Structure formats: C-alpha cells, structure tokens
Protein chains: 2
Amino acid sequence: MSTEPVWPAELFTDLDRTGPIPLYYQISSRLERAIRVGTIPAGARLENEISIGEQLGLSRPTVRRAIQELVDKGLLVRRRGIGTQVVQARVSRPVELTSLHEDLNRSGISPTTRVLSLERMPADAATAQLLNVAVGTEITRIRRLRSADGTPMAVLENMLPPEFADITIEHLEAKGLYEILRARGITIKIANQTIGARRTHGDEHELLDLPKGSPLLTMERVAFDQGGRVIEAGQHCYRPDLYSFSTTLVAR
Amino acid sequence: MSTEPVWPAELFTDLDRTGPIPLYYQISSRLERAIRVGTIPAGARLENEISIGEQLGLSRPTVRRAIQELVDKGLLVRRRGIGTQVVQARVSRPVELTSLHEDLNRSGISPTTRVLSLERMPADAATAQLLNVAVGTEITRIRRLRSADGTPMAVLENMLPPEFADITIEHLEAKGLYEILRARGITIKIANQTIGARRTHGDEHELLDLPKGSPLLTMERVAFDQGGRVIEAGQHCYRPDLYSFSTTLVAR
DNA sequence: AAGTGGTCTAGACCACTCC
DNA sequence: GAGTGGTCTAGACCACTTC
C-alpha cells in the first residue's frame with residue numbers, strides 16, 4: 001500500500017519574492033525544518049515537482065533546485081518514475097568548514113581557550129611549503145588548549161601567514177580562530193584535512209589529563225581562501241573519549 | 001595584471017548529443033581531467049558561461065551545471081562580477097561511499113581478505129536496534145582481516161540483516177563487501193559514519209601486528225539503501241600508521 | 001558602463017516505474 | 001498508458017566587481 005503524497009503548502013504561504021533571499025533557499029530551508037521536526041515524517045512521499053510549482057506559483061526548475069539541496073544533504077531521495085521521499089535514516093550534519101570552537105558552541109557547550117604559546121618565527125622549509133611562503137618569512141605559530149566545561153578536550157597548533165601577525169592572546173582566548181578570521185573579512189573556501197590517530201607526544205598527556213602514551217585522535221588541516229591563498233595550517237589532537245568526527249555520506 | 005580567460009574548446013569537439021551520458025557530465029568530466037593533469041593550470045580564469053555555451057552550442061544552464069559540478073568538488077571557484085577560476089590548492093577526492101577494498105584497489109594496491117569468522121546469530125537488543133530488525137532475528141556477523149601487499153591494515157566487523165544470510169567465506173575473500181552487495185543490485189545511498197580513536201582490544205594487536213594497547217583509528221558506519229533499510233553496520237579499526245581519512249571540504 | 005555570475009521563467013522531450 | 005524525475009533550451013532580470 002502506498003500512501004498519498006504530501007505537501008504542506010501552508011508552510012510556504014509567505015514567500016518573499018522581492019528580498020535578497022533566493023526562492024529556492026526559502027523553500028528548501030522551510031522544508032528541511034519540517035522534515036527535521038517531523039512535520040513531514042520519514043518515508044513520506046512528496047508531491048511531484050510540477051504540482052508543487054503550480055501550488056507555489058514557481059517554475060519547475062526553481063522547485064527542483066530547492067529539492068536538490070535536501071537531496072544533497074541526504075534528507076530526501078529521488079527516484080525516477082517513483083517520486084521523492086523523505087529518507088528513513090537519521091541524518092547528521094556533515095563535517096563542515098567550522099572550527100572546534102563553533103562545533104562546541106552549537107552543542108550548547110561553552111568552550112574556553114588557554115593560549116599555551118603565541119610566537120612569530122621565520123618559516124623553516126616545511127612550514128614555508130605548507131603556507132606557500134618563502135623560507136624565512138615571519139609567520140605566526142599558535143598553540144592552544146581548548147576545554148569544554150572545564151575539561152581539556154584538544155591541543156590546537158596553528159601556523160598563520162604573515163598578514164595575521166597582529167593577532168593577540170586576548171583575541172584568541174575570547175574567540176575561536178575562524179571567528180577572528182571571519183571578522184577580518186577572511187572567507188575560508190576550501191580545506192584539505194586528514195584524520196588519523198597516534199600516541200601522545202611531549203606534554204600532550206599532561207595538557208589533556210591522560211596517561212602517557214594514550215591514543216589521540218588527530219586532524220591536520222590546510223585552509224584556503226577563494227583565491228587559493230593559504231589562510232591557516234593546523235595540527236590538532238583530540239581526546240578520543242570526548243571527541244569524534246561524525247558525518248553523513250550521500251551517494252551521488 | 002589579469003590574464004586572458006581560457007577555454008580549451010578542442011577538448012569538447014566530439015560531444016555525444018544522442019547517447020545516454022548527459023551533456024553536462026561530458027563537459028564536467030573532461031574539464032576535471034584537464035584541470036587535474038594541468039592542461040588548465042591552477043589559477044587560470046575560465047571564459048564566461050555564455051561564451052562557453054556559444055562555442056559548444058549549448059544553453060547557459062547546461063554549461064552552468066557542468067561548472068557547478070566542479071565547484072562542488074572544490075576544483076573551481078566562482079565569484080560574481082569576477083568569473084570562474086581554477087582553485088590554487090590541491091584537492092583530494094572526498095570521503096566517499098566506498099569500501100576500504102575499493103580505496104585500496106584505486107590506489108593500485110591489491111588487497112587481500114582473511115575471514116576470521118562468519119556466523120549467523122540471533123540479534124541482541126543493541127544489534128537489533130542498529131539494523132532496525134526485531135530482537136532475535138537471525139543476522140549475519142562477519143569479522144575480516146584486510147591486508148595490503150601482505151601487511152595487515154584493518155580489522156573489519158560487520159553486521160548484516162537476514163536477507164544476506166547466504167554470503168559465503170569464498171565470496172568475502174574474493175571481493176569487497178560493497179562489491180558483493182552491488183552485484184546483488186543493492187545500492188547504498190546514505191551512510192552515517194563516525195571516526196574516532198582508541199586502544200587495541202582483545203586480539204586486535206596480534207592481528208594487526210602491533211604492540212598491545214597501541215592506538216587504533218576507528219570507523220563506525222551504518223549504511224542505508226534508497227528506501228532507508230539498513231544494509232550493513234560496521235565497526236572497523238585501522239592501523240593508524242598505514243591508514244588515515246583525507247578529504248577536501250568546500251564551503252557552500 | 002561593461003562584464004560577470006546568481007536567479008528565475010515557461011516551456012520541451014526523454015527514461016524509468018508502475019499498473 | 002499514466003505519472004514521475006532527468007535533462008535541456010532560450011531567453012530574462014538582477015547584484016556584484018572592475019574600470
């Protein structure tokens with residue numbers, strides 16, 4: 001038995017057709033909320049694209065684009081000849097271009113940061129290559145301890161190119177690095193990151209309150225702006241009992 | 001100084017306009033190859049979308065869609081008022097819905113699999129919830145050791161729902177699990193996965209040829225088909241000196 | 001002012017699935 | 001055969017960047 005297709009048109013009565021927010025985005029964000037809160041239940045079939053367009057006074061490509069956004073997020077599945085359905089599986093938000101600081105904030109946890117060191121130094125060969133600057137360029141090296149509710153969670157090491165030489169300890173203890181960068185108009189567009197594991201080195205076990213030689217979850221990241229300039233390179237390690245990376249993968 | 005925009009139209013002379021392969025896909029895949037091999041260098045600016053469409057005899061939306069594919073992959077950056085540029089950063093392929101077996105194959109390494117155990121058993125409460133079946137349902141539990149060039153790399157544990165009760169050790173030692181599933185017409189559409197770290201447990205250190213209590217990189221995954229049915233649930237652990245997860249993140 | 005990408009329209013034909 | 005999504009066309013207007 002197949003159920004009737006659903007379309008809660010009442011959610012879309014007051015679309016703003018003149019403002020700066022794209023119509024497809026207004027549709028997809030309301031639809032996403034309706035799915036996440038359960039107004040549209042898992043497994044429900046949506047009405048077809050043309051019919052939705054007629055009800056909303058929109059062309060099919062616009063409706064299609066809105067739906068595609070949620071297909072890409074893994075909330076909807078489209079099948080030719082069948083229709084569009086809400087996915088049955090729970091979907092977690094993808095690994096995004098955010099910092100640990102923002103992740104924690106979103107979880108309702110108030111992160112604190114202790115700056116362990118903040119120094120300017122000439123780039124050695126490895127760092128110069130990483131940041132794509134000349135050897136000997138004065139770069140900024142930061143080492144921070146990030147805690148959540150008083151419990152140490154991660155040791156964060158970052159290298160910054162010379163343009164950020166004026167960042168202070170006060171900045172870093174008040175806000176996350178990505179927040180500071182964004183306030184300067186820096187937009188991170190692309191990042192390459194690698195997740196791995198290793199034992200604690202040096203003082204990491206003390207900082208993270210772990211036995212010496214414990215396993216750590218590690219993440220290395222190089223972040224670029226729109227023009228391909230390196231904005232930061234980080235080598236971070238996390239307490240694996242307190243932190244992990246979750247994501248939802250969607251097949252193309 | 002800004003350079004002239006480029007468009008190697010000669011790469012697109014023999015588009016197949018009648019076959020089953022979409023035009024936008026033909027464009028984007030050829031363009032991707034040209035970028036990856038360096039025919040179009042990093043930082044190059046592409047011609048504008050309308051001009052490309054005219055040269056290729058295509059409408060702008062089709063050209064736009066082709067370009068969008070590569071923007072989503074992080075190979076191109078678009079800026080309003082400026083144009084479309086090849087990203088300066090190296091881009092690694094994203095974490096995809098593939099198995100370790102396929103990852104290794106793609107890297108030119110021939111993986112081998114030893115089945116450590118293959119058993120049918122009634123689902124306990126935790127497994128039943130994971131696989132979304134009734135408690136006591138006969139499920140299949142697999143434990144495998146995956147090696148590359150003779151070196152043990154990972155211990156793979158999977159739970160499968162009852163419909164796969166006929167999978168044999170011979171199947172599993174010849175092919176990857178996902179390959180076997182695909183051969184049965186099973187398409188995995190969505191997966192939730194979590195990456196973490198922990199110490200070795202039980203016999204893992206022996207299997208992976210590591211000291212007892214060494215760090216392991218772990219990945220848990222629940223994979224769903226189009227209809228939201230659970231296809232497999234896996235708990236895998238990897239030797240962190242031989243394996244890590246790399247990906248490129250692209251800001252929306 | 002000129003050029004770029006961002007959005008949107010109103011259609012069209014096709015492939016696939018189900019009955 | 002009817003209904004669905006997948007692709008594609010040929011335009012339009014707008015916002016943003018550069019000159």
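Note that the structure is a prediction, hence the values are computed from the model and not measured. A, B, ... follow the sequence lines: proteins, then strands. Residue 1 opens every chain.
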Could you work out which one of [options] sits closest to the side chain of [X]?
{"X": "A:R17", "options": "D:dT9, D:dG5, C:dT9", "value": "C:dT9"}
{"X": "A:R78", "options": "C:dC8, D:dC8, D:dG5", "value": "D:dG5"}
{"X": "A:L23", "options": "C:dT4, C:dG5, C:dC8", "value": "C:dC8"}
{"X": "B:R60", "options": "C:dC8, D:dG5, C:dG5", "value": "C:dG5"}
{"X": "B:T84", "options": "C:dT9, C:dG5, D:dG5", "value": "C:dG5"}

Would you say [atom1] of [X] has more than 12 non-hydrogen atoms from neighbouring residues, nucleotides or ligands within 6.0 angstrom?
{"X": "B:Q129", "atom1": "CD", "value": "no"}
{"X": "B:E138", "atom1": "CD", "value": "yes"}
{"X": "A:D72", "atom1": "CG", "value": "yes"}
{"X": "A:N132", "atom1": "CG", "value": "no"}

What's the [atom1]-[atom2] distance between [X] and [N], to the nearest Å?
{"X": "B:E4", "N": "C:dG3", "atom1": "CD", "atom2": "C1'", "value": "13 Å"}
{"X": "B:E54", "N": "C:dG3", "atom1": "CD", "atom2": "P", "value": "13 Å"}
{"X": "B:I50", "N": "C:dT7", "atom1": "CD1", "atom2": "C1'", "value": "13 Å"}
{"X": "A:D72", "N": "D:dG6", "atom1": "CG", "atom2": "P", "value": "11 Å"}
{"X": "B:L56", "N": "D:dT9", "atom1": "CG", "atom2": "C1'", "value": "15 Å"}
{"X": "A:I27", "N": "C:dT7", "atom1": "CD1", "atom2": "P", "value": "14 Å"}
{"X": "B:L76", "N": "C:dT4", "atom1": "CG", "atom2": "P", "value": "16 Å"}
{"X": "B:R45", "N": "C:dT4", "atom1": "CZ", "atom2": "C1'", "value": "8 Å"}

Looking at every non-hydrogen atom in both residues, tell me the closest pair between B:I139 and B:L160 and how far apart they are. CB-O, 3.4 Å
Can you list everything that forms a salt bridge (Lys or Arg N to Asp or Glu O under 4.0 Å) with [X]? Sequence neighbours excluded, please.
{"X": "B:R60", "answer": "B:E49"}
{"X": "B:R184", "answer": "B:D166"}
{"X": "B:R33", "answer": "none"}

Short side-chain N/O contact to C:dG3 OP1/OP2 from B:N48, under 4.0 Å: no
Would you tell me if any nitrogen or oxygen in the side chain of A:Y24 comes within less than 4.0 Å of OP1 or OP2 on C:dT7? yes
Check step by step if side-chain contact (heavy atoms from CB on, under 4.5 Å) holds for B:D16 and B:T18. CA-CA 6 Å; B:D16 176 6; B:T18 58; 3.2 Å; yes
Name the one of A:L118, A:I167, A:L131 that satisfies side chain to side chain contact (heavy atoms under 4.5 Å, CB included) with A:T140? A:L118
DNA chain D: stems of at least 3 consecutive Watson-Crick or G-U pairs whose donor-acceptor distances fall under 3.5 Å: C:1-18 with D:1-18
Under a 4.5 Å cut-off applied to non-hydrogen side-chain atoms, are A:R64 and A:R78 in contact? yes
At a heavy-atom distance below 4.0 Å, what parts of residues 61-69 of chain B sit against DNA chain D? B:P61, B:T62, B:R65
Determine the contact category for A:L58: base if any of its heavy atoms lies under 4.0 Å from a base atom, sugar-phosphate if only primed atoms, P, OP1 or OP2 are that close, otherwise nothing. sugar-phosphate
So, does the side chain of A:R79 form a donor-acceptor pair with the base of D:dG6 at under 3.5 Å? no
Evaluate the criterion side-chain hydrogen bond (donor to acceptor under 3.5 Å, both in side chains) for residue pair A:Y178 and A:E232; output intermediate values, then yes/no. CA-CA 10 Å; A:Y178 276 33; A:E232 65 104 1; 2.6 Å; yes
Any N/O pairs under 3.5 Å between the protein and nucleotides 15-19 of chain C? List them or say none.
from, atom 1, to, atom 2, distance (Å)
C:dA15, O4', A:R80, NH1, 3.2

